[in-house]
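Note: hydrogens, waters and symmetry copies are ignored here, and every other heavy atom, side chains too, is used. Everything numeric here is computed off the predicted structure, so don't read it as measured data.
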Amino acid sequence: MNNIFDKIREQIYSVVQKAFNACEQKGTLPNIQVGELSVEVPRERDFGDFSTNVAMQVSKQAKLPPRKTAELLLNEFDFTGTYIDRTEIAGPGFINFYLKKDWLYDCLHIIQEKKEKYGEVDLGKGLKVNVEFVSANPTGPLHMGNARGGALGDCLASVLKKAGYDVTREFYINDAGNQIEKFGISLEARYLQLVFGEDKVSFPEDGYHGEDIMDHARAYFDRHGASLMDVPAEERRRILVDFALPINIRKIREILSTYGIDYDVWFSEKSLHENGDVKKAIGYLTEKGYTIEKDGAIWLNGEKLGLEKDEVLIRNNGVPTYMAADIAYHYNKLITRGFDLAIDLWGADHHGHVARMKAAITPFGLKKEQLEIVIFQLVRLFRNGELARMSKRTGKAIALEDLLEEVGKDAARFFFNLKSSGSHLDFDLDLAVKQSNDNPVFYVQYAHARICSLLRKLAEEGITGKPIYEVDLTLLKEKEEIELMRKLSEYPEEIALSAKTLEPSRLTRYVMEVAASFHSFYNACRVKGEEEKLMMARLLLVDCTRIVIKNILELIKIDAPEKM
RNA sequence: GUGCCAGUAGCUCAGCAGGAUAGAGCAACGGACUUCUAAUCCGUCGGUCGGGUGUUCGAAUCAUCUCUGGCACGCCA
C-alpha cells in the first residue's frame, strides 16, 4: 500500500456499503445502487478528516431526505478494523468521518519504507506513452513558448512515469517542408550577399531576417569561400541547409539540456518523407475513401471525418503538406512503434489543428483518445512591471537562452510550471531573480535547506534518527505536526491527479504547500533539545518532509540545496 | 463572421467529473529572532466568482444567451 488515501477510501466504502445492506435487510431503505462513492477531504478541518455526500446522492432512490438517510446509515456503521473513530451528519446531509491519528502515523511508515519511491502510483499500469513537446522549428532560436512547453512537457513526462506509465520523451524535428525551403533561400541570399556584396543581392521579404542566418552564411563562407557561386541554386541551398541545420539542432539540444530536458528520441520529419511513410499513409486514406481530389490537390475529406472543412494533404505541385507528414508521424507513433497513447504539447496558436489531427488518426483504427493534445496558452514576460518583448542584452526577441542566463534554470522551470496550461502566463523577470522571501522558488528550496541544516546540527551532536518502529509517533499531536503529516499524506494523490488531468503544474503548487506546512511546524515546534522521545518522533517527521520535498524537486528538476 | 481558450480579492492565480461559511501568494497594516537558518512564522484587511436566464435539494463549477480579452480559421507549420 503506497497511497494511504486508497486504504481509507476502501474502508469508508466498505463501511457505507455494509450499512446500506443492513438497512435494506431491515427494510428501512430500499435496494440502492450506490455507484461511485465520492469520498473527499472537507475544506474545513472542523468537518472531519474525510466526508461523503452519498446520502444526498441517493436521496431520490431512498425517497427520504438526505439527513434522514444518513441517520439510518449511521445507526448501522461498524468501524472495527478501520481508522474511523467517529462520524457525524452535517450540513445538508454530509457524513463526516473523524479518523484516529493512526492513519497519519501509518503514512510516515509508508514514507520511511518507500523513501524516494514514495508517491508512486499504478495508474498507468505500464502503458506505453509518448510525450512529444517543444518540437521547435529548427530554423531559429527557442522562444518563450518553447520554454513553457518544455517545462510542462518534461514535468508531465516525469509525473506520468511516477504514475506508472512507460514514458518516452520525444522531440519532432521539422527538418522538411516549407520552412526548410525558406531557411535555404535565406541562407543562400546571405551567402550570395557575402560573395557579391550586400547591395547586389536582394533578400527575400518573407525570409528569415535573424542574425543567426547571417552567422551561418558567414561561417560557411569563411570555411569554403565562394565555392558555391557556380553550383545550381537548388544544390546550393541544399548544401547550405545541410551545413546550418545540424548546427541549429545541436544548439537546441544543448540549450534544452541546460534547461534540464533530455529526450529519449529525436524524430526526423524528413525521414518520414524519405522512407515513403507519408505516401503510404495518404495512400491508405485514399484507399479507404477518406480523401478527395480537388483543384489538382489531394484533400482530407472533412465531411466524412466530421470536420468543418477539407484539408490539403498533397499540394497540386505534388509536395505533401505538414498535415500529411503529421498523420504519418502519428501513425508511426501509435502503430509502427506501438505506443498506447501519444501526448502532444502545442502552443495555443496550434489549437485549430487539434480536432483534425485527432480525427485523422481514426481511419487507421485508432481511437481519438489515443492522441491527447495539451494546449498551453501564451507567455508574456514582464520587467519593471512592463511588457518585455526584447532582450536587454541583444535587443532582439528574448530567447530561452537569454532567459536561462538571466534567471537560471530553477526559476524558469518553476515559474513555467506554476500555472495550469490553460491559463495565460505572465512571467515576472524581476521576481524570478529576486533572492528574497516573495520568490516561491527560494521559499521551497529554503525549506529543504532548513531541514538539512537541522539534521546536520543534530548529527554534529551525535543525534541521528532511530528506526521508525522504535519511535513513539503518538507524541506527534500538535496542530502543526498533524497538518504537516496530512500534507505529506496527499503526495500520491497529487501524482495521480496531475497524471489524470495532464496538469503537472499542480505539483509545483503542492510542493509550495508542503514547504509552508513545514515552515509553520518549524516555527511552532522545536526538535533539538526536546525530550528524547519527542525529539525522535519529530526528527522522523522532519526526515519524511525532506524525502517528499526532495522527491518533488527532483521530479520537476529543480535543485534541492542542502545549504542556503 | 465562425470556432477554441480565458474572465474569481488591488495584482498573479487555485478551486470547475455540482456540495457545507469561495481559497493561496503578493501588495497594505500589526505582531514574533538570547534557543534547530527571520530567504521564516502569526494575525488583520480585502469578493455582486464579468453579466442575465435556466437545470435542482444545492451552481464559481453544468446548459444557454450576452459582454470583454487572447488565439485560430492558408495548397503555412
Have a look at [X] and say if it touches a base, only the backbone sugar-phosphate, or nothing, with a 4.0 Å heavy-atom cut-off.
X        : result
Asn53(A) : base
Ser38(A) : nothing
Asp46(A) : nothing

Rounded to whole angstrom units, what separation is found between the [atom1] atom of [X] and the [atom2] atom of [N]?
X         : N      : atom1 : atom2 : result
Phe414(A) : A39(B) : CZ    : P     : 18 Å
Phe376(A) : A6(B)  : CZ    : P     : 15 Å
Arg43(A)  : A24(B) : CZ    : P     : 11 Å

Identify the nucleotide, in any strand shown, that forms a Watson-Crick or G-U wobble pair with A28(B), with both distances under 3.5 Å; if there is none, say none.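 Matched A28(B) with U44(B) under the 3.5 Å cut-off.
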Quiz item: Who is the Watson-Crick or G-U wobble partner of C57(B), with both distances under 3.5 Å?
Solution: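 Looking at the geometry, C57(B) pairs with G19(B).
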- Counting only side-chain N and O atoms of Ser520(A), is one of them less than 4.0 Å from OP1 or OP2 of U40(B)?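 Ser520(A) to U40(B) OP1/OP2: no side-chain N or O under 4.0 Å.
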Examine A14(B): is either OP1 or OP2 under 4.0 Å from a nitrogen or oxygen in the side chain of Ser420(A)? Give yes or no.
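Result: yes.
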The contact string for nucleotides 70-77 of chain B, one letter per nucleotide 5' to 3', using protein heavy atoms under 4.0 Å with B, S and - for base, sugar-phosphate only and none, comes out as SBSS-BSB
In A6(B), glycosidic geometry as syn within 90° of 0 or anti otherwise:
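Anti, which is what one calls it when the glycosidic angle falls more than 90° from 0.
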Could you tell me how far A14(B) sits from C76(B) if I compare only their P atoms? Round to whole Å.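 Here C76(B) and A14(B) have their P atoms 37 Å from each other.
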Mind checking the P distance from C49(B) to G10(B)? Whole angstroms is fine.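 Taking atom P in both C49(B) and G10(B), they lie 12 Å apart.
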message: Measuring from atom CG of Leu378(A) to atom OG of Ser423(A), what distance do you get when rounded to the nearest 0.5 angstrom?
response: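 So the CG of Leu378(A) and the OG of Ser423(A) are separated by 12.5 Å.
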Review point. Do the side chain of Ser423(A) and the base of A14(B) come within less than 3.5 angstrom through a donor-acceptor pair of N or O atoms?
Key: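 Flag unset: no donor-acceptor pair detected.
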For Phe376(A), is there any backbone N or O sitting under 3.5 Å from a side-chain donor or acceptor partner on Ser421(A)?
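No: the side chain of Ser421(A) does not pair with the backbone of Phe376(A).
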Can you pull every protein N or O that's under 3.5 Å from an N or O on nucleotides 35-37 of chain B?
residue, atom, partner, partner atom, Å
U35(B), O2', Arg526(A), NH2, 3.3
C36(B), O2, Val527(A), N, 3.4
C36(B), O2, Lys528(A), N, 2.9
C36(B), N3, Val527(A), N, 3.1
C36(B), N4, Tyr522(A), O, 2.9
C36(B), N4, Cys525(A), O, 2.6
U37(B), OP1, Ser453(A), OG, 2.8
U37(B), OP2, Ser453(A), OG, 3.4
U37(B), OP2, Lys457(A), NZ, 2.8
U37(B), O2', Tyr446(A), OH, 2.0
U37(B), O2', Arg450(A), NE, 3.0
U37(B), O4, Met564(A), N, 3.1

Got a sec, which residues hit salt bridge (Lys or Arg N to Asp or Glu O under 4.0 Å) with Lys550(A), two or more places apart in sequence or on another chain?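 Lys550(A): salt bridge (Lys or Arg N to Asp or Glu O under 4.0 Å) contacts with Glu554(A).
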| request: Output all residues satisfying salt bridge (Lys or Arg N to Asp or Glu O under 4.0 Å) with Lys367(A), sequence neighbours left out; order by chain, then residue number. | output: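 Lys367(A): no salt bridge (Lys or Arg N to Asp or Glu O under 4.0 Å) contacts found.
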Practice task
Look at Lys309(A) together with Glu311(A) and state whether they make a salt bridge at an N to O cut-off of under 4.0 Å.
Solution key: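 Between Glu311(A) and Lys309(A) there is a salt bridge, with a charged N closer than 4.0 Å to a carboxylate O.
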Every protein N/O within reach of nucleotides 9-11 of chain B N/O, cut-off under 3.5 Å:
none

query: Side chains of Gln179(A) and Tyr208(A): is there a donor and an acceptor less than 3.5 Å apart?
result: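 Distance-only check fails for Gln179(A) and Tyr208(A).
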Proximity to RNA chain B (any heavy atom under 4.0 Å), residues of residues 498-508 of chain A only: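 The stretch gives none, as no residue of it lies under 4.0 Å from the strand.
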